[in-house]
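Computed from a predicted structure; not experimentally measured.
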Amino acid sequence: MIKCMLLKADKTCIYGTEELIDTWRADSNTYLWIDIDSHDKEQEKLLLQELGCHSLAIKDAQRDRHPPKIELFKNYIFMLYRGIYQPKDDLLFEHLQISMFVSNNILITSHAKDSLSINSLFSAEGEGFLGKSPITLALRIFHYSCGIYLQKLFEFEEKLEALEDKFQLGGDDKMMQEITLYQSRLTKLKRTFSYHSNIGAELKILVTDETTIINQADLHTVIDVHERIERLLSLSQMHYDICSDLINGYLSVTSHQLNATMRVLTVITAIFIPLGFLAGLYGMNFEYIPELKVTHGYFYLLGFMGFLATSLILLFKKKKWL
């Protein structure tokens, strides 16, 4: 589906489909936003080529999965970032690759499924941003997606704090598995935000470049977007470090408990080894054993074994092994 937003010089806005492209071409003072959603790839390719988009950028835009990037071409800026189709709880996102072709008077967005940020801004709010410039609208779409990520990270922060408190009362394997799952999801988010941070840095460079598509008037918006991305990156790193600390703490406690258990078992073994040796020695079935005919030999041996066991226990307690 293709939908268009055409903003005229008198600030009146018209919503429609592909027929608005001819109206935009006829008047150089108009701004046009073309949103391509779940469209046939071949038709999409023909439309983008007709609007002057580079074949390599079109190829990147139509890939099912491509790392976020930004690239400056002769007449437009190509941005590709990882938006959101549907956010879920516990840092689980259904990501959506969004491609944007931004020129002086046109913004083209392309995505395979509904986008929360685009659906939200394809309204009167989006008209205001488009009235400033297409790059302003593109940055606001990006900014809105980052806001959804930020909201979910704040929600997760509350859950992580509760999990920390619960962990201090006593962790278990189930909790460990849950934390490990969160850590894995945070790793994926960090990778995404790292790519987005590179886009923000490149945008700041483009502001001072010679291109007319983005200039000093857009610097504040670019800085705002970049700061939000950096905040996402730092928050995800902080949450990742907390999860790592919880995992390391659990492993340390478990290791300490295992060492304490093994120490007790080792002490018990050390006590019973000499006793077992004596029992085995006098349990041999030889006819001639020196102490075999001793009248009270059995009691002497039991007494010696008791004395030996008691001495070892006292020794281990003195060394604080028990």
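Separation of atoms NZ (K41) and CD1 (I58) is listed at 13.0 Å; rounding is to 0.5 Å. Rounded to the nearest 0.5 angstrom, C146 SG and I229 CD1 are separated by 4.5 Å. To the nearest 0.5 Å, atom CD of residue E18 and atom CD of residue E50 are 8.5 Å apart. Atom CG of L189 sits about 12.5 Å away from atom NZ of K152, to the nearest 0.5 Å. One distance of note links CE of M175 with NZ of K166; it measures 4.5 Å at 0.5 Å rounding. Residue E202 holds its CD atom at 6.5 Å from CD1 of I70, rounded to the nearest 0.5 Å.
Side-chain atoms of Q97 and S99 form no donor-acceptor pair, as typed in the model, at a separation below 3.5 Å. The closest side-chain donor-acceptor pair between Q183 and S244 falls under 3.5 angstrom. A donor-acceptor pair shorter than 3.5 Å can be found between the side chains of D241 and Q237. Between the side chains of S28 and N105, no donor-acceptor pair of N or O atoms lies under 3.5 Å.
Although no hydrogens or angles enter the test, the distance criterion places a donor-acceptor pair under 3.5 Å between the side chain of D218 and the main chain of N215. Looking at S120, its side chain never comes within 3.5 Å of a backbone N or O of L116 through a donor-acceptor pair. Between the side chain of S103 and the backbone N or O of I106 there is no donor-acceptor pair closer than 3.5 Å. Judged purely by atom type and a 3.5 angstrom limit, S255 has no side-chain atom pairing as donor or acceptor with the backbone of L251. Under a 3.5 Å cut-off, the side chain of S234 and the backbone N or O of R231 do form a donor-acceptor pair.
Side-chain atoms of I214 and V102, non-hydrogen and from C-beta on, never get closer than 4.5 Å to each other. Side chains of I98 and S117 form a contact here, defined as non-hydrogen atoms less than 4.5 Å apart. Contact of the Y250 side chain with the T180 side chain is not registered, since no non-hydrogen atoms from C-beta on lie closer than 4.5 Å. Between D37 and I118 the shortest side-chain heavy-atom distance does not fall below 4.5 Å. Side-chain contact between I21 and L47 is present, with heavy atoms from C-beta onward closer than 4.5 Å. Counting only heavy atoms from C-beta outward, the side chains of E230 and E227 never approach each other to under 4.5 Å. Between L107 and I141 the shortest side-chain heavy-atom distance falls below 4.5 Å. Inter-residue side-chain proximity for C243 and L160 is flagged as met; some heavy-atom pair is nearer than 4.5 Å.
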Evaluate F156 against L186 for side-chain contact (heavy atoms from CB on, under 4.5 Å), listing each step before the verdict. CA-CA 11 Å; F156 175 72; L186 284 166; 4.2 Å; yes

After noting the C-alpha distance and the side-chain angles of F142 and H196, does the key distance pass the ring-ring contact (aromatic ring centres under 6.0 Å, His included) rule? CA-CA 10 Å; F142 197 179; H196 289 176; 5.2 Å; yes

Evaluate side-chain contact (heavy atoms from CB on, under 4.5 Å) for L32 paired with L6, printing each intermediate quantity in order. CA-CA 5 Å; L32 179 65; L6 181 69; 4.0 Å; yes

R140 and E125: side-chain contact (heavy atoms from CB on, under 4.5 Å), yes or no, with the steps? CA-CA 10 Å; R140 285 298 169 181; E125 185 179 5; over 6 Å; no

Between L181 and D90, is a side-chain contact (heavy atoms from CB on, under 4.5 Å) present by the stated rule, with each step listed? CA-CA 9 Å; L181 178 63; D90 298 334; over 6 Å; no

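Ring orientation note: the planes of F193 and Y149 are nearly perpendicular, at an angle over 60° on the 30°/60° scale.
A ring-ring contact (aromatic ring centres under 6.0 Å, His included) with W33 is found for one member of F129, F122, F101, Y15 and no other, namely F122.
Between I313 and I271 the shortest heavy-atom distance is CG1-CD1, 3.4 Å. The two residues L308 and P274 make their nearest non-hydrogen contact at CD2-CB, 3.6 Å. Between R185 and D89, the closest heavy-atom pair is NH1-O, 4.5 Å. Closest of all the heavy-atom pairs between T17 and I2 is CG2-O, 3.4 Å. Across every non-hydrogen atom of K113 and L96, the tightest pair is O-CD2, 3.3 Å. The two residues A309 and L275 come nearest to each other via the heavy atoms CB-CD1, 4.0 Å.
Taking a 6.0 Å sphere around CZ of F154, one finds it holds more than 12 heavy atoms contributed by other residues, nucleotides or ligands. Residue-environment remark: CE (M262) stays at or below the threshold of 12 foreign heavy atoms within 6.0 Å. For Q177, the CD atom is loosely surrounded, since the number of other residues' heavy atoms within 6.0 Å does not exceed 12. By the 6.0 Å contact criterion, NZ on K190 is enclosed, its count of non-hydrogen atoms from other residues, nucleotides or ligands being greater than 12.
The side-chain hydrogen bond (donor to acceptor under 3.5 Å, both in side chains) search around T295 returns none, not counting sequence neighbours. Taking the side-chain hydrogen bond (donor to acceptor under 3.5 Å, both in side chains) definition, one finds that K8 meets it with nothing, sequence neighbours left out.
Sorted by first and then second residue, the pairs that involve residues 67-85 and meet side chain to side chain donor-acceptor pair (under 3.5 Å), not counting sequence neighbours, are D60-K69, K69-E71, Y81-S145.
Under the 4.5 Å side-chain contact rule for hydrophobic residues, L278 and Y298 do not share a cluster. Taken together through direct or relayed side-chain contacts under 4.5 Å among Ile, Leu, Val, Met, Phe, Trp and Tyr, F78 and L46 form parts of separate hydrophobic clusters. L92 and L163 fall into different hydrophobic clusters, where Ile, Leu, Val, Met, Phe, Trp and Tyr are joined by side-chain heavy atoms under 4.5 Å apart, directly or via other members. Both F316 and F272 belong to a common hydrophobic cluster when Ile, Leu, Val, Met, Phe, Trp and Tyr are linked at side-chain heavy-atom distances under 4.5 angstrom. In terms of hydrophobic clustering, with Ile, Leu, Val, Met, Phe, Trp and Tyr side chains grouped at heavy-atom distances under 4.5 Å, L219 and I199 are assigned to a common cluster.
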